[in-house]
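Everything below concerns the one structure shown next.
Numbering starts at 1 and runs along the sequence shown. Atoms within each ligand, like the ligands themselves, are counted from 1 in listed order.
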Amino acid sequence: MNSRCKKRFSGVCLESMKVVSQREIAPTIFELILQGDMVAIMKAGQFLHLRVPNDAYLLRRPISIASINQDEQTCCLIYRTEGAGTAIFSKLSEGDLIDVMGPQGNGFDLSDLERGNRVLLVGGGIGVPPLLQVAKELHSRGVEILTVLGFADQNAVILEEDLKQYSQVFVTTDNGSYGLEGNVSVVIEGLKEDFDAIYSCGAPGMMKYLDKKFHHHPRAYLSLESRMACGTGACYACVLKLAESETVSQRVCEEGPVFPTGTVLL
Ligand code: FAD
Ligand code: FES
């Protein structure tokens with residue numbers, strides 16, 4: 001455990017992080033910037049387990065780390081209000097404190113990628129945020145990046161301009177109200193080049209498509225979601241079955257949320 005983790009519970013870091021800012025970047029989608037010591041040990045693809053600041057809610061809510069700024073000791077989370085917990089998060093404002101457990105999960109393996117490598121990022125809807133830190137880090141190493149983003153419609157489009165700073169970006173919308181009509185497969189099926197690594201996060205249907213499409217790719221990764229309780233590997237609420245053995249489970253909070261394609265049953 002990193003020495004920057006001051007308070008621990010069952011081996012994980014707990015910290016009251018400070019809200020630096022919060023704004024609505026699209027209808028019902030919020031960007032929350034948090035500051036704290038925990039930023040020092042965050043990695044792309046990990047998530048934070050946030051306590052809802054209301055004692056009526058016992059379970060924490062998992063939200064991915066969208067980007068990390070080590071100079072300012074801040075991280076950015078992007079979330080959609082779904083139910084009561086995220087609705088309460090959306091009321092947080094500058095100076096508030098939020099109880100954070102994390103950083104959780106294994107994150108994306110970005111090792112050994114450098115100038116001359118080509119990487120494909122595929123994001124869908126509210127699954128796009130964790131790809132932002134991947135793009136930032138790989139771009140700084142000179143890696144060439146192609147990003148394909150899929151959304152329901154124009155109102156749901158997020159992070160297109162941010163990702164354009166680091167990569168070539170294609171956008172699809174299901175109803176054709178923005179970008180190409182259809183889902184990400186409209187772009188991916190037309191790609192002729194090979195990629196050294198593929199990183200993705202999105203809705204279950206998109207994850208199943210990518211798992212099949214890149215089943216045998218040596219470095220293709222899916223960031224997956226599952227209902228969670230403890231978020232620390234203890235309760236087995238979040239398990240998925242291993243593809244090669246239906247009796248062996250993988251915990252999304254502990255062995256995941258990132259899994260290589262072809263390894264878990266979707
Ligand atoms: P409610 O529906 O009232 O929640 C009831 C319970 O169900 C809570 O315990 C809640 O945590 C759980 N739950 C509901 N939906 C989900 C879900 N999709 N996944 C897991 N648990 C859920 N959402 C974002 O908008 N941005 C992100 O970056 C993001 N990253 C995630 C990373 C991981 C590893 C996981 C597992 C989920 C992520 N989610 C993300 C989904 C987010 O956790 C849920 O939208 C949120 O927990 C809903 O809470 P709620 O109280 O508003 O909704
Ligand atoms: Fe408890 Fe994953 S949420 S083991």
Checklist entry - Which is it for F108 and Y221 under the ring-ring contact (aromatic ring centres under 6.0 Å, His included) test, yes or no, and what are the steps along the way? => result CA-CA 8 Å; F108 289 114; Y221 302 95; 7.1 Å; no
Checklist outcome for this item: Within the 4.0 Å heavy-atom cut-off, what A234 brings close to ligand 2 is backbone
Next on the checklist: Need the ligand 2 atom indices (1-based, order shown) with element for anything under 4.0 Å from a heavy-atom of Y236.
Outcome noted: 1 (Fe), 4 (S)
Item to check | Interfacing atoms of ligand 2 (cut-off 4.0 Å, heavy-atom, G231) | outcome: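 Answer, ordered by atom number: 1 (Fe), 3 (S).
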Checklist entry - Heavy atoms only: which of M228, R80, R227 is nearest to atom 22 (C) of ligand 1? => result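 Result: the heavy atom closest to atom 22 (C) of ligand 1 is in R227.
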Item to check | Enclosure of E189 CD (heavy-atom neighbours >12, cutoff 6.0 Å) | outcome: yes
Which residue holds the protein heavy atom closest to [atom], what is that atom called, and what is the gap in Å?
atom                    : result
atom 23 (N) of ligand 1 : I63 CD1, 3.9 Å
atom 24 (C) of ligand 1 : I126 CG1, 3.5 Å
atom 2 (O) of ligand 1  : G83 CA, 4.4 Å
atom 26 (N) of ligand 1 : I78 O, 2.9 Å
atom 47 (O) of ligand 1 : R61 CG, 3.4 Å
atom 20 (C) of ligand 1 : S226 O, 3.2 Å
atom 31 (C) of ligand 1 : P62 O, 3.4 Å
atom 35 (C) of ligand 1 : E225 CG, 3.5 Å

Item to check | Proximity flag A84 to ligand 1, non-hydrogen atoms under 4.0 Å | outcome: yes
Checklist entry - For ligand 1, is there an N or O atom under 3.5 Å from any N or O atom of V252? => result no
Next on the checklist: For a side chain to side chain donor-acceptor pair (under 3.5 Å) check, start with the C-alpha distance between Y178 and E160, then their side-chain angles and the critical distance, and finish with the verdict.
Outcome noted: CA-CA 12 Å; Y178 187 79; E160 180 190 9; 2.7 Å; yes
Of the backbone atoms (N, CA, C, O) and the side-chain heavy atoms from C-beta on, which set of [X] has a member under 4.0 Å from an atom of ligand 1: side chain, backbone, both, or neither?
X    : value
C238 : neither
T86  : both
T81  : neither

Next on the checklist: Side chains of S167 and T147 only: does a donor on one sit below 3.5 Å from an acceptor on the other?
Outcome noted: yes
Checklist entry - Within C235, is some N, O or S atom less than 2.8 Å away from atom 2 (Fe) of ligand 2? => result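 Short answer: no, not a single N, O or S atom is under the cut-off.
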Next on the checklist: Would you say atom 2 (Fe) of ligand 2 has C230 as a near neighbour, meaning an N/O/S atom of that residue under 2.8 Å away?
Outcome noted: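 C230 does not place any N, O or S atom closer than 2.8 Å to atom 2 (Fe) of ligand 2.
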Next on the checklist: Taking the basic N atoms (NZ, or NE/NH1/NH2) and the acidic carboxylate oxygens, is any pair closer than 4.0 Å for R141 and E114?
Outcome noted: no
Checklist entry - Is atom 44 (C) of ligand 1 close to the protein, meaning a heavy atom under 4.0 Å from it? => result no
Item to check | Where ligand 1 meets Y79 - atom numbers and elements under 4.0 angstrom, heavy-atom basis | outcome: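 Going through ligand 1 atom by atom, the ones under 4.0 Å from Y79 are 24 (C), 25 (O), 26 (N).
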